[in-house]
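Beneath this line is the structure, given in structure tokens, with notes to follow.
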Amino acid sequence: MTAPEEENVAVQEAPQDEEITPEEIRGWLEFGCWTTLALWPFLYWVNGPAVSDDQFVVRSALIVIAFVGGISLRAYKIMKNKAAKKDQENVSG
């Protein structure tokens, strides 16, 4: 086989792209929020205090958004799990 034919064979044998579910996306977003909060003290130590008002506002907004996002995504997951559990109880009992 020549090089172009080998490439076509490799492309044909490749598995189908898997779709990312909204649940997976929410999980990764929550992970990003909590990671941002966990690394914030280290990043503050490395970068030092804000040198301008704009920098202070952006840093503060980032921390607030990460906190609110993490709490909101966790609350959504808890409520969804409770609703699923309640549905299972209704179906089985």
Side-chain angles (χ1 to χ4, degrees):
M1 285 209 272
T2 63
E5 291 174 357
E6 290 174 3
E7 289 177 12
N8 289 338
V9 171
V11 169
Q12 292 172 354
E13 294 173 2
Q16 296 290 330
D17 290 337
E18 295 183 21
E19 291 185 20
I20 298 175
T21 63
E23 187 66 30
E24 290 174 317
I25 293 171
R26 283 190 294 271
W28 282 110
L29 285 173
E30 183 181 356
F31 175 76
C33 289
W34 294 125
T35 303
T36 300
L37 288 174
L39 292 176
W40 175 74
F42 175 73
L43 292 174
Y44 182 83
W45 177 69
V46 168
N47 294 326
V51 294
S52 69
D53 292 341
D54 292 343
Q55 190 179 21
F56 177 78
V57 168
V58 169
R59 284 185 185 184
S60 300
L62 177 65
I63 296 303
V64 169
I65 290 170
F67 181 75
V68 170
I71 295 293
S72 299
L73 289 167
R74 178 54 56 171
Y76 176 81
K77 187 173 184 177
I78 290 170
M79 289 189 304
K80 186 175 179 184
N81 287 343
K82 282 185 180 180
K85 191 174 182 181
K86 187 182 274 189
D87 287 342
Q88 279 184 339
E89 290 173 0
N90 290 340
V91 170
S92 64

When rounded to the nearest 0.5 angstrom, what is the spacing between CD in Q88 and NZ in K86?
-> 13.5 Å
Hydrophobic cluster identity match, V68 and L62, side-chain contacts under 4.5 Å = no
Please collect all side-chain hydrogen bond (donor to acceptor under 3.5 Å, both in side chains) contacts where either partner lies in residues 35-54, sequence neighbours excluded, each pair once.
-> none
Inter- and intrachain pairs under salt bridge (charged side-chain N to carboxylate O under 4.0 Å, His left out), touching residues 32-41, at least two apart | none
Where at least one partner belongs to residues 56-83, residue pairs that pass side-chain hydrogen bond (donor to acceptor under 3.5 Å, both in side chains), sequence neighbours excluded = E23-K80, E30-R74
Using the ring-ring contact (aromatic ring centres under 6.0 Å, His included) rule, collect all pairs that involve residues 16-37, keeping only residues at least two apart or in two chains.
-> W28-F31
Does V51 sit in a hydrophobic cluster with other residues, and if so which ones, taking ILVMFWY side chains as linked at heavy-atom separations under 4.5 Å, directly or through other members?
-> none
What closest approach, in Å, do C33 and G69 show between heavy atoms, and which atom pair accounts for it?
-> SG-C, 3.9 Å
Members besides I25 in its Ile/Leu/Val/Met/Phe/Trp/Tyr cluster (side-chain heavy atoms under 4.5 Å) | I20, L29, L73
